[in-house]
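Only one structure is covered here, and it is reproduced in the block below.
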Amino acid sequence: MKRLALAVLLLGCPTEPEPPVVDPIIDPLSRPAEPTLDVSAFEPSETCAECHPDHAAQWAGSSHAYAMVDPVFRALVEVRRADHAGAQDTFCLQCHTAIGTRGGEIVPNFDWEALSPVVQEGVTCTACHQVTTVERAWNSGHVLAADAPMLGGIGDPVASAQHDSVESNLIGSALFCGGCHDVVELDGLQLERPYEEWTESPSADAGQTCQDCHMPPTTGEAATGTGVDRTLHDHRFVGIDVPLTDDFVAPEVVEDLRTRIGALLETAATMTASAEPVAPGETANLVVTVRNEIDGHNLPTGSTFIRQMWLDVTVTDADGAVVFRSGDLDANGDLKDHWSDLEPYGDPDLVTYGSRLTALDGSPELFPWRANEHTLSTIPPRHDRTSTLFVPTTAATNFPLQVTARVRLRTHPPFLLRALGLDELIPNVETWDLAEATTSITHVQ
């Protein structure tokens, strides 16, 4: 016992190691070193719903409301957190919850469950309607003020005891969206650029904004009890994302969202396919052209390093036997490219439209903060992209050959969800067929 007491005196009581000091990444506007806002000064959506029930209900099923509960987003933040010991936790959160990041709740190694309710609401009502200016068109470049009036698009708002209302030309502009939807990595790598694409688009030339497509106009009361019909704007912010979790909103809301996405994508692309006759045993040149019919941005756009858009081609002979296939999926549901576990590079003819991340050593990279290069193969507005696929034939090939080609789009590849430990969400990923073309390949007479 005396020896033990002496050892304690000499060595001291065992203690837990001190956690490392983490220096967070700082941006005076969007990732401040000290809080620049008071989180409690911002009203939650349930308060707004008292007078604006339709707008609040639309928002509640949107990607803006999903921004902080999306399990894919959370998992990506956790990977980045592990890579940088929490120092870069604010980077993605600067847009997903500007209120929380500027209000001091988003700090290195923050606890998701300890965040204030209004912070967990993500891009909530006041996160947009109390934006006064936009200082830069990327990385949460807007100025947010809790003491600002509610800013909207109505020129003569009805007076309210709840808050002051002021018309804002900014909130209806494309620049307003660009403040968060364009993203530049810490090392300067451009990750997402839909606003930058818009500035070079026919929509910009025609004075059309993001809101014209993604917040289509409706008619009704801006607030209950006013008795005044207004031109309103839909707050579902329809894009291509469907919530992957079953408990986010009611099934009928998800089904309605699918219908609206389908309508939005119905005219997004067109395509043609053609081939000259060949002699049996020669290779047929199958020429496929895909055109982006969207006026406002590239196809696809946004997180193109996650989105997947590709060409799916099947060629069959006169007996219905498949003689050529590209764009089909492996047994895991993945394209047969670098990321396929079962058939890596098993589709040498695969044509994709999107982007890829590359590490410093030239290898494909999955996570943008680890990447050194970002290469785009998206299609600009009202432009087309032509690809030639080489279809082999033999002397025994039974002509004519029938070609079916289609362009497919999905929000998440299965390999990413598996890498994040979210296998259970894979069946919920929606795949959209944007366009289809058929042709035949005949033999030389």
**Request:** Just do the salt bridge (charged side-chain N to carboxylate O under 4.0 Å, His left out) check on Arg406 and Asp433 with the steps written out, would you?
**Result:** CA-CA 7 Å; Arg406 55 183 176 168; Asp433 290 334; 3.1 Å; yes
**Item:** Side-chain H-bond candidate by donor/acceptor type, Thr358 with Glu373, under 3.5 Å
**Value:** no
**Asked** With distance as the sole criterion, is a donor-acceptor pair present between the side chains of Trp59 and Glu121 under 3.5 Å?
**Response** no
**Prompt:** Between the side chain of Gln94 and the main-chain N/O of Phe91, is any donor-acceptor distance below 3.5 Å?
**Reply:** yes
**Request:** Quick one: closest heavy-atom pair of Thr231 and Pro217, and the distance?
**Result:** CG2-CB, 4.1 Å
**Request:** Identify the two heavy atoms, one from Leu366 and one from Ala419, that lie closest to each other, and give their separation to 0.1 Å.
**Result:** CD2-CB, 4.0 Å
**Message:** Before you tell me yes or no, could you show the steps for Ser326 and Asp347 under side chain to side chain donor-acceptor pair (under 3.5 Å), namely the whole-Å CA-CA distance, both residues' side-chain angles and the distance that decides it to 0.1 Å?
**Reply:** CA-CA 6 Å; Ser326 179; Asp347 187 352; 3.0 Å; yes
**Message:** Treating Trp198 as the side-chain partner and Gly178 as the backbone partner, does any N or O pair qualify as donor plus acceptor under 3.5 Å?
**Reply:** no
**Closest non-hydrogen atom pair, Gln58 against His233** = OE1-O, 4.2 Å
**Request:** Show the numbers, then the answer: is there a side-chain contact (heavy atoms from CB on, under 4.5 Å) between Met68 and Asp70?
**Result:** CA-CA 6 Å; Met68 283 292 284; Asp70 177 4; over 6 Å; no
**Item:** Donor-acceptor contact below 3.5 Å, side chain Thr411 vs main chain Asp241
**Value:** no
**Asked** Is there a donor-acceptor contact under 3.5 Å linking the side chains of Ser140 and Arg102?
**Response** yes
**Prompt:** Are Ser303 and Glu192 close enough that a side-chain donor and a side-chain acceptor fall under 3.5 Å?
**Reply:** yes
**Prompt:** Does Thr124 use its side chain to pair, donor to acceptor, with the backbone of Thr126 at less than 3.5 Å?
**Reply:** no
**Pair Ser160-Gln162, side-chain donor/acceptor within less than 3.5 Å** = no
**Request:** Taking the six-membered ring for Trp and the single ring otherwise, decide whether the centroids of Phe237 and His235 are under 6.0 Å apart.
**Result:** yes
**Request:** Could you tell me whether a side-chain N or O of His214 sits under 3.5 Å from a main-chain N or O of Val238, the two making a donor and an acceptor?
**Result:** yes
**Message:** I need the minimum non-hydrogen distance between Asn298 and Glu197, along with the two atoms involved.
**Reply:** N-OE1, 3.0 Å
**Request:** Starting at CG of Leu186, measure out to CH2 of Trp369 and round the result to the nearest 0.5 Å.
**Result:** 11.5 Å
**Asked** Does some side-chain heavy atom of Ile261 sit less than 4.5 Å from a side-chain heavy atom of Val242?
**Response** yes
**Asked** Under 3.5 Å, side chain of Arg382 to main-chain N/O of Ile294, donor-acceptor pair present?
**Response** no
**Prompt:** Just by modelled atom types, is the Val119 backbone N or O under 3.5 Å from a matching donor or acceptor in the Ser116 side chain?
**Reply:** no
**Message:** If we ignore hydrogens and angles and just use 3.5 Å, is the side chain of Ser63 paired with the main-chain N or O of Tyr66 as donor and acceptor?
**Reply:** no
**Asked** With a 3.5 Å cut-off and no angle check, do the side chains of Thr289 and Thr386 form a donor-acceptor pair?
**Response** yes
**Message:** Is it true that, when you exclude His383 itself, more than 12 heavy atoms of the residues, nucleotides or ligands shown sit nearer than 6.0 Å to its NE2?
**Reply:** no
**Message:** Ring centroids only, cut at 6.0 angstrom: are Phe176 and His142 within range, meaning strictly under it?
**Reply:** no
**The single option from Arg408, His412, Arg410 passing side-chain hydrogen bond (donor to acceptor under 3.5 Å, both in side chains) against Gln308** = Arg410
**Prompt:** Without hydrogens or angle criteria, can the side chains of Ser340 and Asp330 be said to hold a donor-acceptor pair below 3.5 Å?
**Reply:** yes
**Fill in**
Correct closest heavy-atom pair for Pro368 and Phe305 would be CG-CE1, 3.9 Å
**Item:** Donor on one side chain, acceptor on other, Trp339 and Asp334, under 3.5 Å
**Value:** no
**Atom CG of Asp164 with >12 non-hydrogen neighbours under 6.0 angstrom** = no
**Asked** For the residue pair Val253 and Gly61, what are the closest heavy atoms and their distance?
**Response** CG1-CA, 4.4 Å
**Request:** State the CG-OG1 distance between Leu264 and Thr259, to the nearest 0.5 angstrom.
**Result:** 12.5 Å
**Asked** Hey, does the side chain of Thr133 reach the backbone of Glu135 with a donor-acceptor pair shorter than 3.5 angstrom?
**Response** no
**Message:** Would Arg81 and Phe110 count as a cation-pi pair here, with the cationic atom under 6.0 angstrom from the ring centre and within 45° of the axis?
**Reply:** yes
